[in-house]
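Down below is the structure, laid out as structure tokens.
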Amino acid sequence: MKVRTRFAPSPTGNVHIGNIRVAIYNWLFARHSGGEFVLRVEDTDIERSTPEAIQALLDAMDWLGFDIDGEHLYQTSRQQAHLEAAELLLEKGLAYKEDKGGTGQGECVIFKMPGTDVSFVDGIKGEMTKKAENMQDFVIVRSNGTPVFHLANVLDDIEQGITHVIRGDDHVENTFRHIALYEALGAEVPNFSHLPMIVNRQGKPYSKRDGDAFVGDFRENGFAADALFNYLALLGWSPGDDREVMTREEMIEAFTLERCQSSPAQFDMKKLTWMNGEYLQKLSVDEFEALAFAELKKAGISADEAYTKSVVNLIRDRVKNVTELVPMVGYFFADDYAYDEKGVRKKLQKDGVAETLEKIKAIFQSLAVFDEASTDKAMHDFVEESGLGFGAVMPPVRLSVSGMQSGPDLFPLLAVLGRDRVLERMDRTIEKYLK
Ligand code: GLU
């Protein structure tokens with residue numbers, strides 16, 4: 001049997017990470033089994049499923065790099081088939097008509113539950129059973145003539161030849177009814193697996209109120225698609241060892257439903273940010289530069305290309321998200337950088353600092369070459385000869401040239417800024433704070 005899974009979202013304009021995680025697991029399962037992964041757009045809610053909402057869904061899938069097999073199926077295009085199937089159920093006596101609530105607004109079609117218990121083995125939750133007495137007949141066509149979700153969903157899964165339905169566990173209750181429908185329709189019941197939801201710290205469903213919740217938010221906020229994909233894949237599944245940063249091929253190879261956890265998965269922004277940093281570190285120098293240059297351009301920063309390259313490569317391993325880049329490198333491109341006031345009071349405005357800075361300036365001026373190795377040696381020699389601690393020397397220099405108390409290692413930082421900039425900045429700082 002060739003495995004065929006699907007992602008069947010109802011487009012609303014925003015794609016929640018819980019939904020996209022469902023898509024990821026369906027995709028991984030299909031690819032792991034050498035099967036197919038298809039898309040069905042459950043667009044029957046005409047008010048919400050606007051062309052823009054559908055486009056937002058397709059864009060999110062595209063951005064995350066899903067390859068989808070075959071043509072997408074739009075549920076609204078199947079309305080006739082849904083209504084014909086309801087007719088057939090009526091003819092066979094498996095459904096009946098009723099004027100629900102006696103409103104006189106017409107009759108709806110109601111599916112007759114078989115009156116037996118329904119059981120299935122969930123791929124994640126295991127054995128599931130619901131007693132006959134706890135299940136009622138349910139509407140499959142409304143009195144206005146439109147098919148209800150249960151009917152459309154089951155018929156479209158049959159139409160698309162779906163062998164494995166992997167969806168959120170908010171659908172468990174529906175599954176019992178759906179199985180009864182499959183049987184009434186004489187169709188083979190697929191395998192069902194229900195994923196626990198993504199929750200916040202309090203264990204409540206993770207929503208927009210907890211922070212970024214939609215794929216578009218993460219995209220706008222500088223996350224890499226591959227990092228988000230990898231993070232969500234691990235949110236409730238593990239490869240069975242301690243690997244975390246994984247290529248898609250590695251995830252496909254390791255994916256099984258048995259290793260999906262049956263308890264809710266807690267969203268952890270810190271972990272995602274860490275993961276994103278790992279992906280940034282994996283980029284080639286050229287890729288990272290391209291990304292960084294685009295960020296700088298957006299912020300209106302432009303400077304000599306070689307200088308800009310050395311700046312972005314200097315801070316590269318400190319960046320966990322491209323959006324951090326501009327605030328991190330601002331002082332490289334502007335002379336009117338802000339000073340960390342606390343640092344100024346504690347490290348700069350102290351007795352002897354002006355003198356120390358003057359001496360270091362003189363040493364810097366005298367160096368034959370001004371680079372990482374020469375500034376490193378010169379400052380170490382100075383610390384030793386002067387008997388001043390590193391703490392009295394390095395922080396004032398860093399503050400003078402960057403305004404900050406922390407940042408990249410000092411000597412590569414000095415080398416990237418270059419002698420002229422360093423001396424100018426030291427002068428300006430002395431003028432501003434130490435005179
Ligand atoms: N449109 C439904 C949803 O997004 C589909 C559920 C399913 O996967 O069967 O919840």
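Numbering of ligands and ligand atoms starts at 1, following listing order. In what follows, every heavy atom counts, from backbone to side chain, and hydrogens, waters and symmetry copies are set aside.
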Are side-chain heavy atoms of E36 and K2 found at a separation under 4.5 Å? yes
Between ligand 1 and A8, is the shortest N or O to N or O distance under 3.5 Å? yes
With respect to S10, determine whether any N or O atom, backbone or side chain, lies less than 3.5 Å from an N or O atom of ligand 1. yes
Test of understanding: given a 4.0 Å heavy-atom threshold, classify the contact between V165 and ligand 1 as side chain, backbone, both, or neither. neither
Find all atoms of ligand 1 within a distance of less than 4.0 Å from any non-hydrogen atom belonging to H171, and give their numbers and elements. 3 (C), 6 (C), 10 (O)
So I24 and W237, do their side chains get closer than 4.5 Å, heavy atoms only? no
With a 4.5 Å limit on heavy-atom distance, are the side chains of Y231 and F223 in contact? no
Under 4.0 Å from any heavy atom of R6, which atoms of ligand 1 are there? 7 (C), 8 (O), 9 (O)
Where does the angle between the aromatic ring planes of F229 and F66 fall among parallel (under 30°), tilted (30 to 60°) and perpendicular (over 60°)? tilted
Run K131 and D117 through salt bridge (Lys or Arg N to Asp or Glu O under 4.0 Å) and show every step you take. CA-CA 4 Å; K131 292 251 167 257; D117 296 354; 3.4 Å; yes
Consider every N or O of N19 and every N or O of ligand 1, then say whether any pair is closer than 3.5 Å. no
